[in-house]
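In what follows, a single structure is set out as C-alpha cells and then discussed.
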Amino acid sequence: MRPSSRRRARHRRAAVVSGAGLLATVLLAGTLAGCSDEGEQIPSIGYAIDSTVTTYNAGTVAGSVSGARQAFARVLPGFSYTGPEGGPVTDTDIGTANVVPGDALTVQYKLNPNSVYSDGVPMSCDDLVLAWAANSGRFIRPDDGAVPLFDAASTAGYSDIDRVDCQTGAKEATVTFKAGRNFTDWRALFGATSMMPAHVVAGAAGVPDLVAAVQNSDSEALGRVADFWNDGWTMTPGELDLALFPASGPYKVESFSADEGLVLVANDRWWGNRPATSRIVVWPKSTELGTRISDDSVEVVDVAAGSVPDLDLGSFDVTDVPSRSVEQFVLSTSGLFETPAGRRAFASCLPREELATEFGTVADEGAAAGSVDTRFTAPDSLVYESVAATAGGRYETPDTTAATAALAETDATAATVRIGYLGPDPRRAAIVAAVTAACAPAGITVQDAGSPEFTPSMLRDGQVDAVLAGTASAPGAAGTAAPTTAMYALRSGSRNNFGDYANGRVDQIVDQLAVDSSTAAQLALSTEAENILWSEVPTVPLFNQPRTVGFAAGLEAGAVNPTRSGAGWNMDRWVLRR
C-alpha cells in the first residue's frame, strides 16, 4: 500500500513545549499540527501505534519489543527523553544530572524535591539503584552462573557503572563508572521508561530495603526482586491491579481492555505543568486498528508506512518520514543458519536494492531510497559512506549461483526459511512475498510466519528462522541517533540479540565504540565490524523504516518523532478542538 498523494510533509523549525522540563527547539522532518484557539476542546484523544503493549516495563526483553516506550514516556519519565532528532534531551521536571570532576566518569543525579508517584510515595534514588541493578547484568542466578537474574533486554551503559551511591529514600545519587569506561551515551541512561517504581518491587518481593539488598549483593532478596521486575508488570487487558502501576509523570494508567484500549488519565499528583488534555487512549496494534482509526476513535496515528490494513487517513494531516529504525532481517544461528554459509545463502538471494526502492522510499520526499549498508553507523553519520563501502555491493540483487553455492556448503540442495513478524502487516507481507519469489530459484523455500501473536523470542526458541523487524528486532517505533541499541543487539549475551550471534572481536568493537565517539574510532572500528558482519551475516539491513504519522484536523502540538519515542513523546501537550 503506497501513501496517498494527499499526504505532505512540512519542514519547519518549531518550539515544542511538554511540561516545565520538556522544552526543545527542534528541526522536525514532519508535521507540527496547526494551532488554533477556535472550537471546543475535546477531553479525550486516541493514539494508535503499531506495536502491542504487553508490559509496563520497557526494559525487559518483552518490553523492548513492545509499544511500552511509546505508551508510557509521559507516564514513567526519566532524566531525559529521546527527542525528534534522535538524541537525549534533559527533562528537568524529573531532576538534574551533572558530571562531577574525577578520573572516572561520575554523574550526580538529583531528583526534583517535589517528585512523587501517583500513589503518594516519593520518588527516590532507590529507583535509580533498581534500574542499575536490573540492567547491569552483574547479578547472576546462583543455580546457573551464566543466566542473569534480571531479564533485561540490554546492559548498554549500565554494565559500565561501578556503583550507585544512594542512601535509602534520598533524593540524590552519585553514579560512578568503571575506570576507562566513560560511556559516551550516558545522558540516555535513567531516561524515560527506564526508572520503575522501586517501592512497588520492594513491597511485592518482601524486601524492606532494596538499596541495601543491592549494595550487599543479597542473592536471595534480589532473586525475589528480579522475579517481580521480570514479570510483575505484565499487562493483560482487563486484569490490571492498578496498585502495582503507579505513575511518576503527567499521566497514569486508569484501565486497559481490548474494547476500550489503554486509558491514561491526568495524574493529580504531578508536580509539573498539567496535561493539556486530561485523557489519552492508546490503541496498540491489533487486527481492529484500521477500524479504530476509521470510526473516529483515533486522532493521532504513528505506524510504519503501509503496515496497517485498510488504513484511511484522508481527513488527517499526514507526514511520511524516514525513521531512526533500520528495517532488517535478523537471522538465527541454529538450523540452516548455524553456519555463516547458510546465512550467506539466504542473503545472496535477497533483492535488497529492490526492497529498499519499493518499500523504503518516503513518498513525501520524492526520492528513491537506497539500501542501508551498515549496522553500527547511521546514514547521516559523517563516516557512513566510508563504512558502507565495506558492503562492496554485496547482496544488493539476487545471485542464484552464489546462493546455491553457499547452500551447498551446508551439504544441502534445498532449504526452508520461516520469516516471522508482528502481523497483520501488509508491507512486511509484501516484502516476504518478494523474497519468496527471489529465493525460489536457489532452492530456498520462504514461508511467511507473520502473526498477531509473533514475538522476536520465537527466533531464539526455534519457531522461526528469521525475524523481519526494525532496530534490535522492534516491530514498531525504534532507534535513536546514537548507535548504542543497534550495536548491543549484536553483542553476545545481550538478550535483545535474538539470533544469539556471538563474535569475540565484534564484542570488543562494541565495547570500545561505547566509550570512544571520536571520528577516527568510528571509522576504523565500524569498518572492521562491518567486514566481519557482512561475512558472517547475522543480520541483513535493508533500509530506514518509513513512518506514517497522522494528526486529525483540529489537533494542536502534535509533533513527529521518528525515533523509539514515537509521536507520544509530548502527548501531555496535545489539544484537540472541534
Side-chain angles (χ1 to χ4, degrees), residues 326-360 371-375 388-421 428-450 454 456 458-470 473 489-490 492 497-503 505-506 529-543:
V326 175
E327 192 77 357
Q328 60 191 286
F329 288 108
V330 180
L331 307 185
S332 173
T333 51
S334 61
L336 170 67
F337 293 153
E338 182 176 4
T339 65
R343 300 192 292 270
R344 286 196 297 268
F346 176 69
S348 294
C349 68
L350 292 177
R352 200 161 63 91
E353 189 173 35
E354 177 185 323
L355 295 177
T357 300
E358 178 65 19
F359 302 104
S371 301
V372 171
D373 292 327
T374 62
R375 285 88 167 172
T390 306
R394 284 179 283 188
Y395 312 123
E396 287 188 353
T397 58
D399 187 337
T400 300
T401 301
T404 302
L407 192 60
E409 291 183 45
T410 69
D411 297 324
T413 57
T416 297
V417 175
R418 300 159 297 173
I419 299 177
Y421 58 90
R428 286 181 173 140
I431 290 174
V432 173
V435 171
T436 300
C439 290
I444 298 175
T445 300
V446 173
Q447 293 181 353
D448 187 325
F454 176 80
M458 292 179 177
L459 183 67
R460 185 171 284 133
D461 296 339
Q463 298 179 56
V464 297
D465 306 296
V467 170
L468 178 56
S473 297
L490 284 168
S492 64
N497 175 358
F498 289 97
D500 289 332
Y501 172 71
N503 180 287
R505 179 53 187 157
V506 170
E530 293 300 341
N531 272 314
I532 296 170
L533 297 171
W534 279 116
S535 176
E536 299 194 342
V537 205
T539 64
V540 184
L542 299 175
F543 48 80

For Arg505 versus Ile532, what's the shortest heavy-atom pair and its separation? CG-CD1, 3.8 Å
Testing the basics here: between Arg344 and Ser535, what is the closest heavy-atom pair and its distance to 0.1 Å? NH1-O, 3.0 Å
Would you call Asp448 and Val446 a side-chain contact if the rule is heavy atoms closer than 4.5 Å? no
Please round to the nearest 0.5 Å and tell me the distance separating atom OG of Ser334 and atom CG of Asp465. 7.5 Å
Is any side-chain heavy atom of Val326 closer than 4.5 Å to a side-chain heavy atom of Thr374? no
Output for pair (Leu336 CG, Arg343 CZ), nearest 0.5 Å, gives 10.0 Å
Going by heavy atoms in the side chains, are Pro541 and Tyr395 under 4.5 Å from each other? no
Can a donor-acceptor pair be found, under 3.5 Å and without considering hydrogens, that links the side chain of Arg352 to the backbone of Ala347? no
On a heavy-atom basis, which atom in Pro398 and which in Cys349 lie closest, and how many Å separate them? CB-O, 3.6 Å
Provide the closest heavy-atom pair for Gly499 versus Thr333 in the form atom of the first, atom of the second, distance. O-OG1, 2.6 Å
Has the side chain of Thr357 got a donor or acceptor atom that lies under 3.5 Å from a matching backbone atom of Glu353? yes
With rounding to the nearest 0.5 Å, note down the distance linking CD in Glu327 to CD1 in Ile431. 5.0 Å
Where do Glu530 and Asp373 come nearest, in terms of heavy atoms and distance? OE1-O, 4.0 Å
Is the shortest side-chain heavy-atom distance between Arg375 and Trp534 below 4.5 Å? yes
Is a side-chain N or O of Glu409 found less than 3.5 angstrom from the main chain of Gly342, in a donor-acceptor match? no
Could you check if a side-chain atom of Gln463 sits within less than 4.5 angstrom of a side-chain atom of Phe454, using non-hydrogen atoms only? no
Distance col, row Thr397:OG1 vs Glu354:CD, nearest 0.5 angstrom, shows 10.0 Å
Interatomic distance, OG1@Thr436 vs CD1@Ile419, rounded to 0.5 Å, equals 6.5 Å
Please tell me if the side chains of Thr390 and Leu533 come closer than 4.5 Å, counting only heavy atoms from C-beta onward. no
Determine the interplanar angle of the Phe337 and Phe346 rings, folded into 0 to 90°, and report it as parallel if under 30°, tilted if 30 to 60°, perpendicular if over 60°. tilted
For Thr404 and Thr400, indicate whether the former's side chain and the latter's backbone hold a donor-acceptor pair under 3.5 Å. yes
Using side-chain contact (heavy atoms from CB on, under 4.5 Å) as the criterion, point out the one residue from Val330, Leu490, Leu331 that pairs with Tyr501. Leu490
Nearest heavy atoms of Leu407 and Ala415, plus distance in Å: CD1-CB, 3.9 Å
Between OG1 of Thr413 and CD1 of Ile444, what distance do you get to the nearest 0.5 Å? 11.0 Å
